[in-house]
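Report on the structure given below.
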Amino acid sequence: MRTFIHFLAIAALLTASASVTAQPGGPPPPPSPERLKEIKAQRTAYLTTKLGFSVEEAQQFWPLYNEFDDARHALREQMRETHEKLGDKPTEQQAKDALAKGLQTRQQEVDLERTYQERFIKAIGATRTLELHRAERDFNREVLHRFRERGGPGPEERRGPPPHKR
């Protein structure tokens, strides 16, 4: 479950970064669609290698995984659109509605993971499904590491402004 949460965080970072505009001293521009495709291809190669898939296993696993990834991406896009519609100063009711929608979307993501986890276990077994989660976490850490090396926000920018002193 922790691996899935880490994976969600990475995907959310990549998805959310698409809505951020470049500002002086702000975050770097989001990865281009071509770069995202390249990252996805690298993830496929990385996971295939880490899990030691045979050609037959890969042919069985990847369509299933891509289905899962597409469904998860669609849920995240819905959430991003909900937040974009809110604007900078939502009303109390709009904020409540957005929070409820966020919980609903996260529940849908958990339900989606549960469904596909069962399918992954049938396709590649429980041990490899667990290894999949670990490999995803490792890959996501590497992507974040590279992102930070290329000029992503440093620790100071990630923490936000210093607390107000009294």
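Computed over heavy atoms, backbone and side chain alike; hydrogens, waters and symmetry mates excluded.
A salt bridge links Glu38 and Arg35; the closest N-O separation between the charged side-chain nitrogens and carboxylate oxygens is under 4.0 Å. No salt bridge links Lys37 with Glu34; every basic N to acidic carboxylate O contact stays at or beyond 4.0 Å. Using a cutoff of 4.0 Å between basic side-chain nitrogens and carboxylate oxygens, Lys122 and Glu118 are not scored as salt-bridged.
Note that CZ of Arg141 and CG of Leu144 are 10.0 Å apart. Values are rounded to the nearest 0.5 Å. Distance check, rounded to the nearest 0.5 Å: OG1 of Thr48 to CZ of Arg43 gives 10.5 Å. With values rounded to the nearest 0.5 angstrom, Asp111 atom CG is found 10.5 Å from Gln104 atom CD. Going from atom CD of Gln94 over to atom CG of Leu99 covers 12.0 Å, rounded to the nearest 0.5 Å. Rounded to the nearest 0.5 Å, atoms CZ (Phe68) and CD (Gln117) are 9.0 Å apart. In this structure, CG in Asp70 is found 8.5 Å from CD in Glu67, a value given to the nearest 0.5 Å.
Closest of all the heavy-atom pairs between Ala135 and Lys50 is CB-CB, 4.0 Å. In this structure, Ala95 and Pro90 approach most closely via the heavy-atom pair N-CB, 4.3 Å. Ile39 and Val143 make their closest contact through CG2-CG2, 4.3 Å (heavy atoms, listed as atom of the first residue, atom of the second, distance). Nearest approach of Thr129 to Ile121, heavy atoms of both residues: OG1-N, 3.5 Å. Heavy atoms only, all atoms of each residue included: Ala58 and Pro63 are closest at O-CD, 4.0 Å.
Every residue two or more places apart in sequence or in another chain was checked for a salt bridge (Lys or Arg N to Asp or Glu O under 4.0 Å) with Lys101, and none qualifies. Scored by the side-chain hydrogen bond (donor to acceptor under 3.5 Å, both in side chains) test, Asn66 finds no partners at all (sequence neighbours excluded). Partners of Thr127 by side-chain hydrogen bond (donor to acceptor under 3.5 Å, both in side chains), not counting sequence neighbours: none found.
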Problem - Residues Glu113, Phe120; criterion side chain to side chain contact (heavy atoms under 4.5 Å, CB included); working and verdict - result: CA-CA 10 Å; Glu113 182 188 3; Phe120 292 151; over 6 Å; no

Practice task
Start with the C-alpha gap between Gln42 and Phe139, add the side-chain angles, then the distance that decides, and say whether side chain to side chain contact (heavy atoms under 4.5 Å, CB included) holds.
Solution key: CA-CA 9 Å; Gln42 290 173 350; Phe139 180 79; 4.2 Å; yes

Handout entry: Residue pair Arg80, Glu77: steps toward the salt bridge (Lys or Arg N to Asp or Glu O under 4.0 Å) verdict
Key = CA-CA 5 Å; Arg80 185 185 59 76; Glu77 280 296 310; 2.6 Å; yes

Practice task
Apply salt bridge (Lys or Arg N to Asp or Glu O under 4.0 Å) to Glu142 and Arg146, showing your working.
Solution key: CA-CA 6 Å; Glu142 182 63 29; Arg146 289 182 185 175; 3.0 Å; yes

Handout entry: Full working for side chain to side chain contact (heavy atoms under 4.5 Å, CB included) between Leu47 and Phe61
Key = CA-CA 11 Å; Leu47 294 176; Phe61 173 76; 5.6 Å; no

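Annotation: side chain of Arg128 is in contact with side chain of Phe53 (closest heavy-atom distance under 4.5 Å). Between Tyr65 and Thr44 there is no side-chain heavy-atom pair separated by less than 4.5 Å.
Under the 4.5 Å side-chain heavy-atom criterion for Ile, Leu, Val, Met, Phe, Trp and Tyr, Tyr46 and Leu64 are members of the same hydrophobic cluster.
A donor-acceptor pair under 3.5 Å links the side-chain atoms of Glu57 to the main chain of Ser54, judged by distance alone.
Counting only N and O atoms by type, the side chains of Glu136 and Asn140 include no donor and acceptor under 3.5 Å apart.
With a 6.0 Å radius and a threshold of 12 heavy atoms from other residues, nucleotides or ligands, Lys40 has its NZ atom above the threshold.
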